[in-house]
Structure formats: structure tokens, C-alpha cells
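Worksheet for the structure shown next.
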Amino acid sequence: MHVSWSEMEMLACKAALGIGVPVGLAEEAGVAVTWLGRAGCSGAAIIWRALENISNGRAHPVVIQEKNCLRSKITGTLSSALYAAPSVSDFLHSVPEIKVERLDEPLLLFGYLAASSSMLDSGFVFQSNGSGDKCWQGVIENGYGRIDGQLLQDHQEDSGADVTVTAISASEDWIRMPDSSEIETRHNIRNTMEVTETEMINLQRLSAHMLVPETIESKTKGAGAGVVDTD
């Protein structure tokens, strides 16, 4: 099925709110999901897995382990990409490199940084090192993200991935950002995002946690459309 970009962004945000993610982080998650979708990744599947990880206690918010290293606040669990994203972005304003141990969904963090990179002062190299061959690298700069090599859309495992984000100079010769035609091809500008029925049901199930039973009292206090049509 196909949904609009704004609908997908709002659905991801509501699903995050439904499991207790703070409003600001939920809104940023929606932005990251739509960026991933425009880049050809399965954004709906990625955000659902990330939310399930939080809901099931597999992933948690991050804490500072060292000067430039983040890890889950619960030893032995994964670092949640939803909670790690703003912390990574904040650190990149003051340090040249930040690491996250055992990140649950690296692509979600990549999408967040790419979508918000126009607010940062430099470009970045993003390295994700999982077990076996589940490793990849990308470059982020000024709203654009490029994955080098095979893109592992469903990168998720029990051990997570160790991610390193390093600031770079845009003038470095080995960094080649795409021209306008490549950007258009990469993002494949469309009016809608394709999601599976299962992905839609899963996200709607989580977003439904925000709903409360309809009563006269709830309407009087502002829920829904009100008690009369002119409200």
C-alpha cells in the first residue's frame, strides 16, 4: 500500500508516543523514517523494530560511558537509536568523533543525522560494525547521505552494532558528494511511500496506545471534536 510522506511521518511519531517515547524524540523519529523512505530504505520496518526493542526492554536510552562514547543505561541491553540520535547530534557540535556501543538500528541513526545534517557545521563519516559481514560505511553532509557498498536494510542482531560518527572536512578529496542528477535518482522523488500491510498494522497497533475510551468527560476536557458540532 502507499501512504503520503506526511502520513508516514505522523504515524511513526504517534507509534513512538504510544510506547512512551518523549514528544521531541518521537517527532525526530518520524523525520528520520521519511528520509530513509526517500532514500530507498524500508523506513517503516526499521522504526517498528526500533519501537519494539524499546517496548520489549531489548533497547534503552543511552548514557555517557567515556568522554565520547555512549552505551545503554542498562548493562547487557542494546542502545536505542531513537534515544541515541539527539545525543550523538549534540556531541558532534563539540567533539570530532562520537561512538555508540551496541546500537539496535544503525540506519535509523543514519537517517536522523542525514535529515538534520544541514544544521551541523561539517560532514560526517558513519561506520557501523556488526558481527560477521554486517558492516557498512556512509558519508553524511548537508541533508544528504551516501552508503558505500552494500546497503543492509534489515541490519539488526542481538548484539547490536558499534557505530562511530566522525566529523570530516567537505574539502577532503576522497569525499565525493553527488551531483543534482544523482540526488534526484537516489531520492526518487515520489508523492507516496510504499509500506506493507503488516508494517502499517504494526505501527497502527502501537499508535493506538495513545487512545482512551470516549466519554462525555473526555470530550468536555478537550478530547476528540467536542460535545457539539460547533466546538
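Criterion: ILVMFWY side-chain heavy atoms under 4.5 Å apart, direct or through other members. Under it, V95 and V165 are part of a common hydrophobic cluster. Note on F91: it does not cluster hydrophobically with V63, by side-chain heavy-atom contacts below 4.5 Å among ILVMFWY residues. Transitive grouping of hydrophobic side chains (ILVMFWY, heavy atoms separated by less than 4.5 Å) keeps I74 and I19 in distinct clusters.
With sequence neighbours excluded, no residue satisfies salt bridge (charged side-chain N to carboxylate O under 4.0 Å, His left out) with E7. Remark: I201 pairs with E197 by the side-chain contact (heavy atoms from CB on, under 4.5 Å) rule, at least two apart or across chains. Residues that satisfy the side-chain contact (heavy atoms from CB on, under 4.5 Å) test with T198, not counting sequence neighbours, are T196, N202. Taking S87 as the reference, nothing meets the side chain to side chain donor-acceptor pair (under 3.5 Å) condition, with sequence neighbours excluded. By the ring pair (Phe, Tyr, Trp, His ring centres under 6.0 Å) test, F126 pairs with F110, W136, sequence neighbours left out.
Of the possible donor and acceptor atoms, one in the side chain of S116 sits under 3.5 Å from a partner among the backbone N and O of Y112. Distance alone, capped at 3.5 Å, places no donor-acceptor pair between the S55 side chain and the E52 backbone.
Between R71 and V62 there is no side-chain heavy-atom pair separated by less than 4.5 Å. Side-chain contact check for T77 versus R102: every heavy-atom pair is 4.5 Å or farther apart. Contact of the M10 side chain with the W5 side chain is not registered, since no non-hydrogen atoms from C-beta on lie closer than 4.5 Å. Residues E101 and C69 are in side-chain contact: their nearest non-hydrogen atoms beyond the backbone lie under 4.5 Å apart. In this structure, P86 and L25 have side chains that are in contact, with non-hydrogen atoms separated by less than 4.5 Å. Considering only heavy atoms from C-beta on, I47 comes within 4.5 Å of L82 through its side chain. Side-chain contact between V163 and K99 is absent, with no heavy-atom pair separated by less than 4.5 Å. I147 has its side chain out of reach of V139: every pair of non-hydrogen atoms, C-beta onward, lies at least 4.5 Å apart.
Of the candidates T164, L92, D90, L92 is the only one forming a side-chain contact (heavy atoms from CB on, under 4.5 Å) with I98.
Minimum heavy-atom separation, V100 to S79: CG1-CB, 3.9 Å. Contact detail for Y83 and P22: the closest heavy-atom pair is OH-CD, 3.5 Å. Taking both residues in full, the closest heavy atoms of G160 and L78 are given as N-CD2, 3.6 Å, listed atom of the first, atom of the second, then distance.
Between the side chains of N129 and D162, no donor-acceptor pair of N or O atoms lies under 3.5 Å.
In this structure, CG on L113 lies 13.5 Å from CD on E141, to the nearest 0.5 angstrom. With values rounded to the nearest 0.5 angstrom, W35 atom CH2 is found 11.5 Å from L108 atom CG. Rounding to the nearest 0.5 Å places CE of M200 at 14.5 Å from CH2 of W48. Note: I64 CD1 to K73 NZ = 14.0 Å, rounded to the nearest 0.5 Å. We find the CG-CG distance between D104 and N53 to be 4.5 Å, quoted to the nearest 0.5 Å. A distance of 9.0 Å separates CG of L109 from OG of S128, quoted to the nearest 0.5 Å.
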Step by step, work out the side chain to side chain donor-acceptor pair (under 3.5 Å) result for H60 and S80. CA-CA 5 Å; H60 292 87; S80 168; over 6 Å; no
Pair L36, I46 - check side-chain contact (heavy atoms from CB on, under 4.5 Å), show working. CA-CA 9 Å; L36 289 170; I46 292 170; 4.1 Å; yes
Show me the donor-acceptor pairs within less than 3.5 Å that the side chains of residues 27-34 make with the rest of the protein, sequence neighbours left out.
residue, atom, partner, partner atom, Å
T34, OG1, G30, O, 3.4
T34, OG1, V31, O, 2.9

